[in-house]
Structure formats: structure tokens, C-alpha cells
> 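Structure below; questions to follow.
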Amino acid sequence: MRQLTLEERVRNAAASLEVENVKAEHSYYHGRTDGVSEYGRIWSHSKNCSWAHAFGRMRGFDQVWYGSVGSYDAMAMENWLKIWKLYPEVAGKDPRPLMEASVHTLVTDIIEVAADGQSARGSFITPGVIHSRLTEEGSKYCMILWERYGSDFVYEDGKWVYLHEHVCPDIPGTLDCTNWVAAEYQRLTDPDWKPGPPPNQPPYIADPGPMHSPYSMLNKPADTVPWPEPYETLDNDNTYTPFLD
């Protein structure tokens, strides 16, 4: 890759901070289950955007919107309908942040901004928890989750936005509500096991999974989203989602 000028270095240093802020903004919106704000404000709306998890990848803004906003909103509304009689104080409140609390801290971020300054790539580790007490059983729920993100960003209309996101659950496990050891044993000993889609996940997954293997007693996490190296421009050799055209 060519040597950057001083001006380009300063530009890319500033861009890396802006990209880091976009990732932090995602964590805030996800924490309150506000997909409308996230995908409406900090995402590219192009046909090339994508969102992936272990179960598969959605491509194009329509799939990403209906999968990541529509399905989340549906789960939140269904949850509200199940709990409002048990917890009458939820009346009049936004159903989305009542569904669960997703706490994703971001550490060890590695961000590379392209030499042309038009894109950036980031690798992030997020140790966190997803928990709730507002369940129809009246019991608590908590999942401990270490995930890695492989994220591609682009500079559009004067600001940095997401283009691709690939979420890789490395170490998932429930806490104080199920026997996660027994569940992990069943997963490891079942030859037909594969990660299924979450509830209400739309059927139009462009690239079906599995797309990532988590840590187990037999295997280390797959290196599905390796950290980015310095690169010239966003292309199929430097991306977390290969382009189709």
C-alpha cells in the first residue's frame, strides 16, 4: 500500500474516532432496543449494506430493516402483550426498551481507515449481558455474551455510517436461569445441531448460516472476522461482506 501524506494521516486519524463514535452509538441504541433510530440514522441505505449473525446474513437495506427493526419490534410488542397484566405499571410505556436490557461494552477496537479515506473497517470485542425481569413467567432472565464484531463503514453525505456488520457470538451462556452446561453438552453431542434463527427472524435471509462457531470445550472460537489490515479501498479483498456486483 502506498505511503500516506501527512494530510491523509490526519484525516484518517480523525475518521477513526468518528467511526468509534458510530459503534458506541450503536451500543446505546441496541441497549434500549431502538432499531428505528439506529438503522434510520447511522446506517447506509444502499443495496450493498448487510447484517450477519451466526444464523445467516441479510443483504440490502430492505432485508436489514425488516429483519433488524421489524423482527425486534414484533418481539417487543408480543412481550408487552404478555406482561402488561402481570406488570400493570408498563401501561403507556414504549414496549421496545421493556423487552430486555442489552449491555454491550466495547473493548480492544482495531480500526483501519482506507488510504482513499472513503471507508473504514473495525474489529471489536464486546463482553456484555442481556437481561430482563419483565417476563411472562415473572422470573428473571440473563445471558452472558462475549461477541466479536466485524464492521465496515463508509463515508456518505458528509458522515460515517455502517455498511456491513457481522456479529460473531464467541462465548454465549445463560446465567442463573437455565442449566447452560447441559445445553452446551447437548449441542456438542448432537451431530445435527446448527444455530437456528431467533424468534420472528424473517425468512428472507440472503446467505443462510451457520456463519460462525462459538467457543466450546472442544474448539476455540472461529476466526470469522479477523482484525483489518491497512488497505487501499473497500473491495472483496478488504471487507466483512463480499460484494455481489
Side-chain angles (χ1 to χ4, degrees), residues 18-45 49-58 60-106 124 126-147 149 151 153 156-157 159-167 169 172-178 196-205:
E18 293 184 40
V19 164
E20 191 173 46
N21 286 337
V22 172
K23 175 62 73 173
E25 195 170 349
H26 150 77
S27 293
Y28 169 75
Y29 289 137
H30 184 46
R32 67 182 311 274
T33 320
D34 187 359
V36 173
S37 295
E38 172 173 352
Y39 293 92
R41 296 179 182 178
I42 61 172
W43 271 78
S44 169
H45 294 180
C49 79
S50 69
W51 190 95
H53 204 277
F55 56 81
R57 177 187 287 119
M58 294 172 279
F61 185 70
D62 286 347
Q63 279 195 11
V64 172
W65 177 268
Y66 288 114
S68 298
V69 177
S71 65
Y72 258 65
D73 284 357
M75 285 189 287
M77 304 306 172
E78 290 170 359
N79 181 68
W80 192 93
L81 290 172
K82 292 175 182 177
I83 66 172
W84 74 274
K85 291 183 179 179
L86 185 61
Y87 303 102
E89 59 269 29
V90 305
K93 297 185 183 297
D94 184 348
R96 292 174 299 177
L98 297 177
M99 184 177 72
E100 61 186 18
S102 301
V103 183
H104 286 295
T105 56
L106 296 171
F124 304 82
T126 169
V129 296
I130 300 176
H131 63 94
S132 177
R133 282 300 304 262
L134 301 178
T135 64
E136 60 180 317
E137 299 84 7
S139 59
K140 58 189 173 183
Y141 166 81
C142 183
M143 172 176 281
I144 303 298
L145 197 61
W146 283 70
E147 291 181 322
Y149 293 102
S151 310
F153 305 86
E156 285 186 355
D157 301 323
K159 66 177 183 178
W160 286 95
V161 292
Y162 271 103
L163 184 67
H164 304 142
E165 178 81 294
H166 193 155
V167 182
T174 51
L175 176 68
D176 202 21
C177 55
T178 63
N200 292 319
Q201 185 62 43
Y204 41 80
I205 297 295

> Which residues satisfy the side-chain hydrogen bond (donor to acceptor under 3.5 Å, both in side chains) test with Arg133, sequence neighbours excluded?
none
> Looking at Thr105 and Pro127, would you say the former's side chain and the latter's main chain have a donor-acceptor pair under 3.5 Å?
yes
> Any idea which heavy atoms bring Cys142 and Val129 closest together, and the distance?
SG-CB, 4.2 Å
> With rounding to the nearest 0.5 angstrom, report the SG to OH distance, Cys49 to Tyr39.
9.5 Å
> Write down the atom of Leu86, the atom of Thr135, and the distance for their closest heavy-atom approach.
CD2-O, 3.6 Å
> For Arg32, what residues pass the side-chain hydrogen bond (donor to acceptor under 3.5 Å, both in side chains) criterion, not counting sequence neighbours?
Asp34
> Name the orientation class of the two ring planes belonging to Phe61 and Trp65 (parallel below 30°, tilted from 30 to 60°, perpendicular beyond 60°).
tilted
> The criterion is salt bridge (Lys or Arg N to Asp or Glu O under 4.0 Å); which residues satisfy it with Glu100, sequence neighbours excluded?
none
> Using every non-hydrogen atom in the two residues, find where Leu145 and Pro172 come nearest and quote the distance to one decimal.
CD1-CB, 3.4 Å
> Sequence neighbours excluded, which residues qualify as side-chain hydrogen bond (donor to acceptor under 3.5 Å, both in side chains) partners of Thr126?
His104
> Distance check, rounded to the nearest 0.5 Å: Trp51 atom CH2 versus His166 atom NE2?
9.0 Å
> Show, in sequence, the C-alpha distance, side-chain angles and deciding distance for Tyr162 and Glu25, and conclude whether the side chain to side chain contact (heavy atoms under 4.5 Å, CB included) test is met.
CA-CA 11 Å; Tyr162 271 103; Glu25 195 170 349; over 6 Å; no
> What's the separation between atom CE in Met99 and atom CD1 in Ile130, rounded to the nearest 0.5 Å?
8.5 Å
> Who are the ring pair (Phe, Tyr, Trp, His ring centres under 6.0 Å) partners of Tyr149, not counting sequence neighbours?
His26
> Say you draw a straight line from CG of Asn21 to OH of Tyr28; how long is it, rounded to the nearest 0.5 Å?
15.0 Å
> For the OG atom of Ser151 and the CD atom of Glu20, what is their distance to the nearest 0.5 Å?
12.0 Å
> Looking only at heavy atoms, what is the nearest atom pair of Ala76 and Pro95, with distance?
CB-O, 3.7 Å
> What heavy-atom pair brings Lys23 and Leu106 nearest, and what distance separates the two atoms?
CG-CD1, 3.1 Å
> When rounded to the nearest 0.5 angstrom, what distance separates CZ in Arg57 from CD1 in Ile205?
10.5 Å
> Do Leu98 and Tyr87 have side chains that approach each other closer than 4.5 Å (heavy atoms only, starting at C-beta)?
no
> Under the criterion side chain to side chain contact (heavy atoms under 4.5 Å, CB included), I'd like the reasoning laid out for Trp80 against Leu134: C-alpha separation, chi angles, the key distance, then a yes or no.
CA-CA 9 Å; Trp80 192 93; Leu134 301 178; over 6 Å; no
> What's the verdict on side chain to side chain contact (heavy atoms under 4.5 Å, CB included) for Glu18 and Phe153, showing C-alpha distance, side-chain angles and the deciding distance?
CA-CA 10 Å; Glu18 293 184 40; Phe153 305 86; over 6 Å; no
> Quick one: side-chain hydrogen bond (donor to acceptor under 3.5 Å, both in side chains) partners of Ser50, sequence neighbours excluded?
Thr241
> Determine whether Tyr66 and Met58 make a side-chain contact, defined as any pair of heavy atoms from C-beta on separated by less than 4.5 Å.
no
> Side-chain contact, heavy-atom cut-off 4.5 Å: Glu147 with His53?
yes
> Could you report the tightest heavy-atom contact between Arg96 and Asp73, atom names first, then the distance?
CD-OD1, 3.2 Å
